[in-house]
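These notes concern the structure reproduced below.
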Amino acid sequence: MKLYNSKTNSLEEFKSITPMHVDMYVCGPTVYNHPHIGNARPMIVFDTLRRLFEVQGYTVSYVSNYTDVDDKIINKALNEELDEITISTRYIDAYQAVRDSLNVKPLTATPKVTENMPEIISFIKELLDKEYAYVVDGDVYFRVTKIEDYGCLSKQNIDDLQVGARIEENSKKENPLDFALWKTTDMGIRWDTPWGKGRPGWHTECVVMINKVFDSDHIDIHGGGMDLKFPHHENELAQSQALHHSQLANYWLHNGMLNFDGEKMSKSLGNVVWAKDFISEYGSNVIRWLMLSAHYRAPLNISEQTINTAKTELERVLTALRQAEVAQQRAKIIDHKEIDEKLLDRFVAAMNEDINTPNGFMEIFETIKILNKALREKDVDWQALISIKNALLKMIEVIGISYQPPILTIEDLNNFEQWDNARKAKNFELADIYRKTLSEKGLL
RNA sequence: GGUUCCUUAGCCAAGUGGUAAGGCAAUUGACUGCAACUCAGUGAGCACCGGUUCAAAUCCGGUAGGAACCUCCA
């Protein structure tokens, strides 16, 4: 498999640290609100990558965190006169519900900041001990200049950054690029430390959780949205280099951002679309199909038209499967588990080119064409047909499309027969009645 | 101001040197009792300019337009 490594800006052949196993960490959300449709993209992309690994025999440890300590959460809690845990729990549940309804496979672990405070504090302490960090008025900052190639992930030059850096009110830092590891505060949830009572900065948690959950300072894949590349991932990397001389991950993957009707979603534009609303309106299959119809690194624009296209295309896939299934059951052919490996291999090969889902979709369409033709042969080769169908089922499983094959009842079988008979007898009025019944049951 | 990236038919979207995948829409034909489904066919020379090469959508340079990031938004 080839993956585009954001760190080297090039396609690289994937090689796992442990044979046939992948350790993957994807930065999760700060849980202060419901997930919007943009949050769904990394969920879908990295779940698909996980499934792509698994179909090839890898086991995958897929971890994604919840940031449950943050100013936004604290503010929300103050607004609603609730405590932070109530707020963060509410939205963690909301995220989990969206993951479930998007058919995202259960994650291996979903660590939270509040559950890792001793480790986070001792990590910061170690950075202080080794002088990669310094304390000012109870705040702790990371000393960016101590990392020689700081900026190597995001291809930022420190000097350029300093020129472009916004002027901060906070002049306590040695260098404007230094980032906060700890903030002393008298508001909201706080922890005691030798340097002050407060809460951790954002960039430390991911490194600490990776180290802890994977029991290693070096994993295979670190993913997230393109917007996290700098500063978040850069800063994670810097901390890992500081304490472990480790690059943290072999492959850094970043998904592109999502637009709605050509515009970035934002509260000020008032065009934020909540994932739960989108899912209940269009269903998770349509969303997955839509999100995967473009390459994960490219920006993706959602519009009425792209939604409708996704619906139509998806319907084509499911129709082919359904019709094959119905015909097979009417012919009373018992299913076998064989898969047309040649067809599946073509799909996997396409997907293995840096999760090239558009080309994967092409192979799906090719397979559909083959299936439809096989189904309409004069003498159907059922064994071959079932193998093709099973290959197609495997493909949509990789992209996470859920599909329940219809199970024909005696009544359904009878309706089919009556429909055939009526047509033979040229009693079209009666035939149309049966056709309507079958159509309404979604069997045509 | 800095960094990274993008520009392919009406629309979506692959394709990193050898002569433009796939899909949606449109349209023609076949199938059908009619229809749906399905199958077969029809359409671009790749933003623009210049260069390298036997050969470029693909490499290099420039122009125009667009996007993301530059301290906590996936």
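Below, read A as the first sequence line, B as the second, and so on, with proteins coming before strands; counting in each chain starts at 1. Being a predicted model, the structure only gives us computed values, none of them experimental.
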I'd like the P distance from B/rC60 over to B/rC70, given in whole Å.
27 Å

Starting at CZ of A/F365 and ending at C1' of B/rG23, how long is that distance when rounded to a whole Å?
5 Å

Hunt down the Watson-Crick or G-U wobble partner of B/rA64, both distances under 3.5 Å, from any strand shown, or write none.
B/rU7

Going by heavy atoms in the side chains, are A/M1 and A/D354 under 4.5 Å from each other?
no

Measure from NZ or CZ of A/R297 to the centre of the six-membered ring of A/Y4 and say whether it is under 6.0 Å with the direction within 45° of the ring axis.
yes

Take atom C1' in B/rC31 and the same atom in B/rA67, then report the distance between them in whole Å.
47 Å

Without decimals, in angstroms, what is the distance between A/L371 CG and B/rC37 C1'?
13 Å

Checking one value: the base orientation of B/rG15, syn if chi is within 90 degrees of 0, otherwise anti.
anti

Here the distance between atom C1' of B/rA13 and atom CG of A/L290, to the nearest Å, is 12 Å

So, is A/K373 near the phosphate of B/rA40, with a side-chain N or O under 4.0 Å from OP1 or OP2?
yes

Side chain of A/L228, heavy atoms from C-beta onward: which of B/rA74, B/rC37, B/rC12 has the nearest atom to it?
B/rA74

To the nearest 0.5 Å, how far apart are CH2 in A/W191 and OG1 in A/T185?
10.5 Å

From B/rA74, B/rC37, B/rA13, nucleotide with atom closest to A/R376 side chain:
B/rC37

Base-pairing mate for B/rC39 - Watson-Crick or G-U, with both contacts under 3.5 Å:
B/rG29

Gap between atoms CG and P, on A/N359 and B/rC12 respectively (whole Å):
18 Å

Grab the NE2-C1' distance between A/H295 and B/rG23 for me, whole Å please.
18 Å

Can you name the atoms? Protein N/O to nucleotides 33-35 of chain B N/O, anything below 3.5 Å, with the distance.
| unit_1 | atom_1 | unit_2 | atom_2 | d |
| --- | --- | --- | --- | --- |
| B/rG33 | N1 | A/D432 | OD1 | 2.9 |
| B/rG33 | N2 | A/D432 | OD2 | 3.2 |
| B/rC34 | N3 | A/R435 | NH1 | 2.8 |
| B/rC34 | N3 | A/R435 | NH2 | 3.4 |
| B/rC34 | N4 | A/R435 | NH1 | 2.6 |
| B/rA35 | N1 | A/R435 | NH1 | 3.1 |
| B/rA35 | N3 | A/R435 | NH1 | 3.2 |

With a cut-off of less than 4.0 Å, is there a side-chain N or O of A/N39 near OP1 or OP2 of B/rA74?
yes

Whole-Å gap separating P (B/rC5) and CG (A/N5)
13 Å

Considering just the side-chain nitrogens and oxygens of A/R316, establish if one lies under 4.0 Å of OP1 or OP2 belonging to B/rC39.
yes

What is the distance from CD1 of A/I302 to P of B/rC24, rounded to the nearest Å?
20 Å

Considering only the C1' atoms, how many Å lie between B/rA14 and B/rG62, rounded to the nearest integer?
28 Å

Please measure how far the P atom in B/rG61 lies from the corresponding atom in B/rU4, and state the result in whole Å.
12 Å

Could I get a table of every N or O pair under 3.5 Å where one atom is in the protein and the other is in nucleotides 66-69 of chain B?
| unit_1 | atom_1 | unit_2 | atom_2 | d |
| --- | --- | --- | --- | --- |
| B/rC69 | OP1 | A/K264 | NZ | 3.1 |
| B/rC69 | O2' | A/F230 | O | 3.4 |

Taking CZ from A/F361 and P from B/rA13, how many angstroms apart are they, rounded to a whole number?
12 Å

What is the distance from atom CG of A/L385 to atom CD1 of A/I370, rounded to the nearest 0.5 Å?
11.5 Å

On a whole-Å scale, what distance lies between the C1' atoms belonging to B/rA9 and B/rC46?
10 Å

Around atom CD of A/E13, are there more than 12 heavy atoms of other residues, nucleotides or ligands at under 6.0 Å?
yes

Knowing that exactly one of A/T367, A/I368, A/I401 qualifies, which makes a side-chain contact (heavy atoms from CB on, under 4.5 Å) with A/M395?
A/T367

B/rG18 to B/rG10 separation - C1' atoms, rounded to the nearest Å:
30 Å

Can you confirm whether or not the ring centre of A/W182 sits under 6.0 Å from the ring centre of A/Y141?
no

Please name the nucleotide paired to B/rA20 by Watson-Crick or G-U wobble geometry with both distances under 3.5 Å, or report none.
none

A/Y32 ring center near A/Y91 ring center (under 6.0 Å):
no

Strictly under 6.0 Å, is that where the ring centroids of A/H254 and A/H233 end up?
yes

Minimum-distance nucleotide (side-chain atoms of A/Y95 versus B/rC37, B/rA74, B/rA13)
B/rA74

Between A/N9 and A/T309, which is nearer to the 5' end of RNA chain B once each is assigned its nearest nucleotide?
A/N9

Gap in Å between the two P atoms, one belonging to B/rA26 and one to B/rC54, rounded
48 Å

B/rA13 phosphate, OP1 or OP2, under 4.0 Å from A/N301 side-chain N/O:
no

